[in-house]
There are 2 protein chains.
Amino acid sequence: MFSHSEENYLKVIHKLAFSNSKNVSTNLIANELQTKASSVTDMLKKLADKKLVNYEKYRGVSLTKKGELIAVNVVRKHRLWEVFLVDTLKFNWDEVHDVAEQLEHIKSDQLIDRLDTFLNYPTIDPHGDPIPKKNGEIPFNNSILLSEGITNKIYKVSCVKDNSKSFLQFLDKHEITINSELTIVDKFDFDDSMTVKLIGGHSIILSNKVSTNVFVNLK
Amino acid sequence: MFSHSEENYLKVIHKLAFSNSKNVSTNLIANELQTKASSVTDMLKKLADKKLVNYEKYRGVSLTKKGELIAVNVVRKHRLWEVFLVDTLKFNWDEVHDVAEQLEHIKSDQLIDRLDTFLNYPTIDPHGDPIPKKNGEIPFNNSILLSEGITNKIYKVSCVKDNSKSFLQFLDKHEITINSELTIVDKFDFDDSMTVKLIGGHSIILSNKVSTNVFVNLK
DNA sequence: CTAAAAATTTAGACTAGTCTAAATTTGAGA
DNA sequence: TCTCAAATTTAGACTAGTCTAAATTTTTAG
């Protein structure tokens with residue numbers, strides 16, 4: 001089996017490879033894990049020895065098939081636990097991250113299978129992120145960023161990119177959540193802000209920082 | 001906060017102090033934790049530095065008030081998770097120990113409070129052991145060992161002492177579980193075995209090994 | 001193309017937790 | 001009460017993971 005630390009590195013490499021390029025740099029990982037580049041180098045060597053990453057000195061890393069599978073499984077566990085915390089234990093969506101970071105390392109396939117069953121096989125977590133299947137497949141989501149939406153169409157919020165407490169609390173305050181429906185009333189080139197109107201609700205001006213952290217689907 | 005390892009030592013010292021004497025020896029701990037006496041000595045020094053145990057070289061240890069509180073809290077978490085695993089996720093009572101050993105170290109008071117609420121404030125775990133209250137109080141149970149019972153009274157099984165897979169599976173096989181009702185039909189001095197009859201069920205001969213690992217209450 | 005900056009790796013050290021083997025202390029029985 | 005076996009502790013070593021500081025490689029800008 002793999003240590004918490006190893007799992008965290010694999011998870012972060014997976015995340016960065018997903019959003020950035022295929023090859024991930026030492027500094028990116030160090031920054032994401034709030035650790036030092038030298039520590040990252042040490043760990044990359046170890047992961048390479050175990051055939052979990054492809055690593056070439058000074059050239060960054062990518063996950064091997066094996067490393068990918070472990071990383072995705074950690075993500076699966078993290079997201080299933082988040083569903084449990086919100087749906088079953090009534091946590092708010094801004095309170096679950098730290099606890100899920102711990103729970104994701106519990107080792108028991110039986111536990112995760114049964115949790116999945118108990119939760120009725122959820123496909124997304126409380127932030128709208130897809131829950132990987134047992135076989136490692138990650139359901140694809142054809143959402144777009146709210147910032148890329150056009151005016152006078154009805155969109156449904158599908159996912160939030162930034163899972164930080166402050167962002168989620170901001171959304172709570174303005175009654176925006178997963179499945180909220182809204183239209184873009186106006187877009188302002190000046191600062192890339194926009195006015196959106198929640199269907200049956202209030203209007204609100206969203207900064208570019210906000211609209212680039214919310215995914216939506218055309219209704 | 002305290003490490004998994006520290007919590008495990010405190011938990012084991014608590015357990016041993018409960019069943020044995022107040023003062024616990026290095027070897028007892030080493031044996032319980034499947035580690036070496038020298039490792040135990042090292043850890044005892046550290047725990048003593050942190051004022052979690054009273055430790056005098058060559059004299060054994062006892063928990064301080066502070067150590068006791070932490071130990072009992074770990075036990076509380078362990079037992080609440082066991083209830084969750086059996087009641088909610090439908091694990092069998094012989095499958096929960098290893099997973100609960102991991103879950104008991106998750107750090108989040110909110111999580112345990114909400115789990116407790118979700119489970120409707122259970123007072124005993126799936127093996128009949130009392131679940132410590134949040135304040136550290138452990139509900140007292142005036143059960144006796146089945147081996148100490150007398151013939152022709154009706155008893156109700158309240159707790160099993162040995163939580164090993166093999167013992168629990170043995171009880172399953174013979175349809176003995178928490179809350180089973182039975183009478184002692186006969187006791188045999190020869191080997192301290194006894195014949196018991198399950199109310200509305202079959203009769204069975206139990207060895208002394210079995211009857212000294214089952215607690216019962218007079219109905 | 002080259003010098004400086006940025007990124008990365010190496011060297012060496014530290015902590016937590018563990019181990020083996022040797023030394024010390026305890027305590028039980030003659 | 002003395003001796004010796006058992007229990008315990010100490011000394012020193014090892015691993016995983018981390019760090020700082022120095023060295024090296026890569027990249028960038030002129």
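Note that the coordinates shown come from a computational prediction; the quantities given were computed from them, not determined experimentally. Residue numbers start from 1 in every chain, and the chains themselves are labelled A, B, ... in the order their sequence lines are given, proteins ahead of strands.
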**Request:** Scan nucleotides 3-9 of chain D nucleotide by nucleotide, 5' to 3', and note B when protein non-hydrogen atoms come under 4.0 Å of the base, S if they reach only the sugar-phosphate, - if neither.
**Result:** ----SBB
**Complete:** Applied to residues 120-143 of chain A, the salt bridge (charged side-chain N to carboxylate O under 4.0 Å, His left out) test, sequence neighbours excluded, yields Arg79(A)-Asp125(A), Asp113(A)-Lys134(A)
Distance check needed: [N] [atom2] versus [X] [atom1], whole Å only.
X        : N       : atom1 : atom2 : value
Asp42(B) : dA16(C) : CG    : P     : 12 Å
Phe2(A)  : dA16(D) : CZ    : P     : 13 Å
Met43(A) : dT15(D) : CE    : P     : 16 Å
Glu6(B)  : dT18(C) : CD    : P     : 10 Å
Leu47(A) : dA16(D) : CG    : P     : 12 Å

**Complete:** Quick note, side-chain hydrogen bond (donor to acceptor under 3.5 Å, both in side chains) partners involving residues 57-67 of chain B, not counting sequence neighbours, are Asn54(B)-Ser62(B)
Residues two or more places apart in sequence or in another chain: which of them pass salt bridge (Lys or Arg N to Asp or Glu O under 4.0 Å) with [X]?
X        : value
Arg76(A) : Asp116(A)
Lys50(A) : Glu6(A)
Lys45(B) : none

**Request:** Please check if atom CD in Glu56(B) has more than 12 non-hydrogen atoms from other residues, nucleotides or ligands closer than 6.0 Å.
**Result:** no
**Asked** Can a side chain N or O of Tyr9(A) be found less than 4.0 Å away from OP1 or OP2 on dT18(D)?
**Response** yes
